[in-house]
Amino acid sequence: MKITIRTEASLEETKVEIVCRELTQEVEELLATIRMMNQQITAEKDGEMHLVNAAKIVYIEAVERKTFVYTEEDVYESKLRLYEMEERLMNSGFLRISKSCLVQLKYIKSLKNDLNRKLRLTLESGEQIMVSRQYAEEIKKRLGVI
């Protein structure tokens, strides 16, 4: 990948242009990173509201009608439902892996086939999460496995 940066004093706003032969996984990851740069989610921890940078969210899980946002350092609770999080983050590198979980693709370290056509994801932190059969095919496509 070749990167060129050109400065122009006359510009009023920064412009990013990507020129590629085809839309590869690498280019999609770059786009997701750019989209996430300014995106934040409001979530609560220890009675305080926090603005959580979407780029730092590893995964989001719904448990007993509550939505939890996991970063590498902390766990937050959000007032948003999982489907609302999915709508906000769908173009930012997140993918639904089960009825109750979204994961950010860049934090996936490996995947392994499991029983009944399920997948077991290992995250960069070493934590493992199950991908249900319904979503296994899509995650394999997004990761370039098939």
Side-chain angles (χ1 to χ4, degrees), residues 1-111 118-146:
M1 179 183 302
K2 180 180 175 184
I3 298 174
T4 304
I5 299 175
R6 185 180 68 216
T7 58
E8 286 185 35
S10 63
L11 285 178
E12 293 182 25
E13 183 177 26
T14 299
K15 173 184 168 184
V16 176
E17 182 178 290
I18 298 173
V19 180
C20 57
R21 182 179 310 168
E22 62 182 306
L23 192 59
T24 63
Q25 181 68 30
E26 186 179 42
V27 174
E28 285 187 18
E29 288 174 8
L30 179 61
L31 288 169
T33 302
I34 292 169
R35 286 184 187 121
M36 265 192 298
M37 286 177 61
N38 295 324
Q39 195 166 13
Q40 295 182 324
I41 299 294
T42 305
E44 187 177 329
K45 180 183 173 206
D46 299 328
E48 293 182 359
M49 292 305 291
H50 296 263
L51 290 174
V52 182
N53 187 332
K56 295 186 181 220
I57 299 172
V58 178
Y59 69 98
I60 303 165
E61 184 177 38
V63 180
E64 297 179 4
R65 297 187 177 265
K66 293 183 180 182
T67 306
F68 296 95
V69 177
Y70 296 84
T71 66
E72 291 183 279
E73 300 85 26
D74 293 306
V75 178
Y76 302 89
E77 186 176 341
S78 175
K79 301 285 185 211
L80 296 174
R81 299 278 182 228
L82 193 64
Y83 76 89
E84 293 171 317
M85 290 283 206
E86 183 176 24
E87 288 171 1
R88 288 184 181 198
L89 300 171
M90 65 189 281
N91 293 321
S92 299
F94 283 82
L95 185 65
R96 185 179 283 265
I97 62 165
S98 69
K99 247 172 57 172
S100 61
C101 190
L102 303 173
V103 69
Q104 187 167 174
L105 296 175
K106 74 177 187 177
Y107 286 102
I108 297 173
K109 182 177 180 181
S110 66
L111 59 118
K118 292 183 180 181
L119 291 176
R120 182 182 307 270
L121 293 183
T122 302
L123 303 176
E124 292 292 334
S125 65
E127 188 172 356
Q128 295 187 341
I129 302 177
M130 294 302 296
V131 178
S132 68
R133 290 184 306 231
Q134 181 180 355
Y135 300 97
E137 201 73 19
E138 179 63 24
I139 199 157
K140 284 180 178 180
K141 285 180 188 173
R142 291 282 298 270
L143 292 174
V145 175
I146 57 171

Mind checking the [atom1]-[atom2] spacing from [X] to [Y]? Nearest 0.5 Å is all I need.
X    : Y    : atom1 : atom2 : result
I60  : T67  : CD1   : OG1   : 8.5 Å
E124 : S110 : CD    : OG    : 9.0 Å
Y107 : I57  : OH    : CD1   : 9.0 Å
L95  : K141 : CG    : NZ    : 11.5 Å
L119 : L143 : CG    : CG    : 9.0 Å
L105 : S92  : CG    : OG    : 11.0 Å

Would you say that [X] contacts [Y] through its side chain, given a criterion of any heavy-atom pair below 4.5 Å between the two side chains?
X    : Y    : result
E138 : R96  : no
E61  : V63  : yes
V58  : S125 : no
L80  : R88  : yes
M85  : V69  : yes
L89  : Q104 : no
M49  : T42  : yes
I139 : L121 : yes

Using the side chain to side chain contact (heavy atoms under 4.5 Å, CB included) rule, take E26 and T24 through it: C-alpha gap first, then chi angles, then the decisive distance, then the call. CA-CA 5 Å; E26 186 179 42; T24 63; 3.8 Å; yes

Does the [X] side chain pair with the main chain of [Y], one donor and one acceptor, at a distance under 3.5 Å?
X    : Y    : value
R65  : R81  : no
K106 : A55  : yes
Q134 : K99  : no
Q25  : R142 : yes

Would you say CE of M90 has more than 12 non-hydrogen atoms from neighbouring residues, nucleotides or ligands within 6.0 angstrom? no

More than 12 foreign heavy atoms under 6.0 Å from CD of E44: is that the case here? yes

Minimum heavy-atom separation for [X] to [Y], with atom names?
X    : Y   : value
L123 : Y59 : CD1-CD2, 3.7 Å
K45  : D74 : NZ-OD1, 2.7 Å
Q40  : L51 : OE1-CD1, 3.5 Å
S132 : S98 : OG-CA, 3.7 Å
C101 : L82 : N-CD2, 3.5 Å

For K15, the option from E12, E13, E17 that meets salt bridge (charged side-chain N to carboxylate O under 4.0 Å, His left out): E17

Can you list the residues that meet the ring pair (Phe, Tyr, Trp, His ring centres under 6.0 Å) rule with Y76, with sequence neighbours excluded? H50

